[in-house]
Amino acid sequence: MASRKIEIMDTTLRDGEQTSGVSFSVSEKLTIAKLLLEELKVDRLEIASARVSEGELEAVKKITSWATEHNFLENIEVLTFVDGGKSIDWMLDAGAKVQNLLTKGSLNHLTHQLKKTPAQHFADIKENIESAASHGIKTNVYLEDWSNGMRNSKEYVFEYLDFLTAQNVERVLLPDTLGILTPEETADFIKEVCHKYPTTHFDFHGHNDYDLGVANVMEAVKAGANGLHLTINGMGERAGNAPMASVIAVINDFLKDVKITVNEKALNKISKLVETFSGFRIPVNKPVVGANVFTQTAGIHADGDNKNNLYFNDLMPERFGRKRKYALGKTSGKANIQKNLQDLGISLNDEELKKVTQRIIELGDKKEVVSQEDLPYIISDVLDSDTIEKRVVVENYVLGHAKGMKPSTTLQLRVEGVQYEAHAQGDGQFDAFMNALRKLYKRHSKRDLPSLIDYAVRIPPGSNSDALCETIITWKLEEKEFITRGLDSDQTVSAIKATEKMLNII
Ligand SMILES: CC(C)C(=O)C(=O)O
């Protein structure tokens, strides 16, 4: 099958910046533009709307000056308006060479917004294109609201295209401005247009209002579109645009006769960078780039991955510079834990694995998310607690903390089968717990409690779950120092666990 090259135009810096609440700084725009062209290797970039602000002018100047040095100037585009030449003057000042001229692609928009006749609009457009060409600026033309135009004023759309295809334009840009098309309509409309003007380059620009952006883009390519407008992370006006990462995966996996130059491996990196700069969070389940999309959670999936890769599809994380993960939680089971242990280079015997699995299930029941980084802490806690025979058990306690009152604790301790109870106040919850413990010890034991000489709390490094914290307490008894540790999702509880270990050591 002969392959057909299509152009990928990224409009994160123009339509993407129209995401509510998003504004890129000059240096962020330049950084993103470089990465899009040099690493992701998109064909073209739309970087700004003309005449928006001083900051936008500065950003375009910076990008065009970098692009001139690196031979990318022809790949940089700016959205312009039919405004009697003001956008062209702005382009000249900014050093940009390709304009995407915004015109009306439906009679409804033309009549009610511009209040002009088709003949007047065409005359203005012709003047703009000729003036741009005389200044060395190339023109692509947007037919804004084209999808509605095809539905409701087809005669106008084709009258306009008859006129436009006879002008000095590089490309005609067909937007589904309101994201209203179905995949079937997209296919029919693009086919009709491409069939009538076989030598014209048509781009499709799909908005995502019904979550049909990717499906529509796929149909547009199959129907003959020569280029696509996409944004990183699907950013853009209202519900955004068709997202770059999903569309690239779809083209590579399902449209085998279509050739694109985009480098899949760079998709994740640029998604993260744009997320950081824009503050627009990537949903964790966003295909290809979401945090969870390569994580197997159910134990049965991890088990199947061990048995002839039963749960793998073509979307292998390595294609996008990512790694498969196995979640740890109440549904994860032994196979998931084994996968994580392998990654960490830790081996456990069956009995140990059973205990660690049990602890992870208990944490899962408390709605805690356990990460791979938490695992060594859980192992040391579970196995460590297990080797100590429990003579003393901290059986029950109430920790009281109320505004305007001193923290207090009621504690029930079981020592060699007998239960004792005490109540005490303290400067904090753990201090109150220790005071209650001291009371019991004084009453029922001939021995002194060790003094607490250091108390440290840490969250497992690299853990993004905040699920666990470890309390490490240094004790001193008769000139000898020793350390105990406790692990729990609650800081005071982890300190109490470390204290219970101490009670069983002394
Ligand atoms: C700039 C215009 C063409 C646009 O983004 C749209 O119509 O979706």
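Here the structure is a predicted model, which means the values were calculated and not measured. No hydrogens, no waters, no symmetry mates; every other heavy atom, side chains included, goes into these values. We count ligands from 1, going down the list as the structure has it; atoms in each ligand are counted the same way.
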Practice prompt. In sequence, state the C-alpha distance, the side-chain angles, and the governing distance for Glu74 and Lys138, and then conclude on salt bridge (charged side-chain N to carboxylate O under 4.0 Å, His left out).
Written response: CA-CA 9 Å; Glu74 293 277 326; Lys138 290 185 176 161; 3.0 Å; yes
Worksheet item: Is Arg14 in contact with ligand 1, taking contact as a heavy-atom separation below 4.0 Å?
Response: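 Arg14 counts as a contact of ligand 1 under the 4.0 Å cut-off.
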Worksheet item: With only distance considered, is His207 within less than 3.5 Å of ligand 1 through an N or O on each side?
Response: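 Min N/O separation from ligand 1 is below 3.5 Å for His207.
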Worksheet item: Hey, is ligand 1 close enough to Thr177 that some N/O pair sits below 3.5 Å?
Response: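 Yes, there is a polar N/O contact under 3.5 Å.
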Discussion item. I want to confirm something. Looking only at heavy atoms, which of His229, Glu237, His205, Glu144 is nearest to atom 4 (C) of ligand 1?
Written reply: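 It is His205 that holds the nearest heavy atom.
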Scan side-chain atoms only and decide if [X] and [Y] contain a donor-acceptor pair under the 3.5 Å cut-off.
X      : Y      : value
Gln296 : Asn336 : no
Asn140 : Asn100 : yes
Ser147 : Asp176 : yes

Worksheet item: Which residue pairs pass the salt bridge (Lys or Arg N to Asp or Glu O under 4.0 Å) test with at least one member in residues 24-37, sequence neighbours excluded?
Response: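 Applying salt bridge (Lys or Arg N to Asp or Glu O under 4.0 Å) to every pair that reaches into residues 24-37, excluding sequence neighbours, yields Glu17-Lys29, Lys29-Glu56.
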Under 4.0 Å from any heavy atom of [X], which atoms of ligand 1 are there?
X      : result
Asp15  : 5 (O)
Leu102 : 1 (C), 2 (C), 3 (C)
Tyr142 : 3 (C)

Got a list of side-chain donor-acceptor pairs under 3.5 Å for residues 128-136, not counting sequence neighbours?
unit_1: Asn128; atom_1: OD1; unit_2: Gln99; atom_2: NE2; d: 2.7
unit_1: Glu130; atom_1: OE2; unit_2: Lys126; atom_2: NZ; d: 3.2
unit_1: Ser134; atom_1: OG; unit_2: Ser131; atom_2: O; d: 2.6
unit_1: His135; atom_1: ND1; unit_2: Ser131; atom_2: O; d: 2.9

